[in-house]
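A quick write-up on the structure given underneath.
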Amino acid sequence: MLTRFEQFAVNEMMGKPDTPPRANGTLCFANDWERTAFGVALTLARNGYFEWDDFRDELITQIGTWEAEHPIDRSSWNYYERWLAALERAVVKSGLLDPAELSAALSASPAEPHAA
């Protein structure tokens, strides 16, 4: 069950270039790290660490960059890798972590995808 803010965020994204994957109206997560990245972004935005619209703008930029780099073969597409890249940028832009702290945190975590 989504919280009110999560429902707001998902509804705001519907039909837009950054719409998260859904099946039968339910968000789809292939791995636990995807669900975690989704929740972290929502929680940080809800708690005022960055504006939701700023995060969405970064997500749209990340998606556009990936699409430009993969104009023909999109077999490696993963929406939540772009989400995570946008989250990493948002965390740095907001001043929560500087790039060195983010890099250290990511290198200390289990092997999960990240934008570096």
Side-chain angles (χ1 to χ4, degrees):
M1 175 107 182
L2 298 177
T3 67
R4 193 175 323 176
F5 186 82
E6 291 166 338
Q7 190 63 47
F8 161 79
V10 170
N11 287 342
E12 284 293 304
M13 299 169 81
M14 294 308 295
K16 307 282 180 11
D18 58 334
T19 301
R22 297 173 69 97
N24 296 323
T26 303
L27 291 172
C28 297
F29 302 101
N31 300 291
D32 288 340
W33 71 264
E34 296 172 345
R35 183 180 308 277
T36 299
F38 185 83
V40 168
L42 291 176
T43 299
L44 291 175
R46 182 184 61 222
N47 291 330
Y49 289 98
F50 50 76
E51 292 296 323
W52 180 249
D53 287 342
D54 293 339
F55 172 78
R56 287 191 61 213
D57 290 345
E58 184 59 45
L59 178 57
I60 291 168
T61 297
Q62 290 293 327
I63 291 169
T65 299
W66 189 93
E67 288 175 340
E69 293 172 355
H70 301 85
I72 298 171
D73 180 13
R74 296 193 171 170
S75 61
S76 65
W77 169 252
N78 181 299
Y79 174 83
Y80 289 106
E81 286 179 7
R82 300 301 92 222
W83 181 281
L84 188 57
L87 176 58
E88 290 173 10
R89 299 270 311 197
V91 166
V92 169
K93 284 182 178 180
S94 71
L96 283 170
L97 294 172
D98 66 38
E101 291 171 321
L102 179 60
S103 180
L106 293 173
S107 65
S109 67
E112 299 288 356
H114 60 83

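Here the structure is a predicted model, which is why all the values come from computation and not from measurement. Sequence positions, counted from 1, serve as the residue numbers for this chain.
- In this structure, the separation between CZ on Phe38 and OG1 on Thr43 is 10.0 Å, given to the nearest 0.5 Å.
- Counting heavy atoms of neighbouring residues, nucleotides and ligands inside a 6.0 Å radius, atom OH of Tyr49 does not exceed 12 of them.
- Not counting sequence neighbours, the partners of Glu58 by the salt bridge (Lys or Arg N to Asp or Glu O under 4.0 Å) test are Arg89, Lys93.
- Residue-environment remark: CG (Asn47) exceeds the threshold of 12 foreign heavy atoms within 6.0 Å.
- For the atom pair OG (Ser94) and CG (Asp54), the distance works out to 10.0 Å, reported to the nearest 0.5 Å.
- Applying the side-chain contact (heavy atoms from CB on, under 4.5 Å) rule to Ser103 yields no partners; only residues at least two apart in sequence or on another chain are considered.
- The distance from atom CG of Asp53 to atom CG of Leu59, rounded to the nearest 0.5 Å, is 12.0 Å.
- Between the side chain of Asn31 and the backbone N or O of Trp33 there is no donor-acceptor pair closer than 3.5 Å.
- Residues passing the side-chain contact (heavy atoms from CB on, under 4.5 Å) test with Asp73 are Ser75, sequence neighbours excluded.
- The aromatic rings of Trp83 and Phe55 sit perpendicular to each other, their planes meeting at more than 60°, with 30° as the lower class boundary.
- With sequence neighbours excluded, the residues forming a side-chain hydrogen bond (donor to acceptor under 3.5 Å, both in side chains) with Asn78 are Glu34, listed by chain and number.
- Looking at Leu87 and Tyr80, their side chains never come closer than 4.5 Å, going by heavy atoms from C-beta outward.
- For Leu97, the side-chain contact (heavy atoms from CB on, under 4.5 Å) partners are Val91, Glu101, Leu102, not counting sequence neighbours.
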Side-chain donor-acceptor pairs under 3.5 Å in residues 63-72, sequence neighbours left out?
unit_1, atom_1, unit_2, atom_2, d
Thr65, OG1, Thr61, O, 2.9
Trp66, NE1, His70, ND1, 3.4
His70, ND1, Trp66, O, 2.8

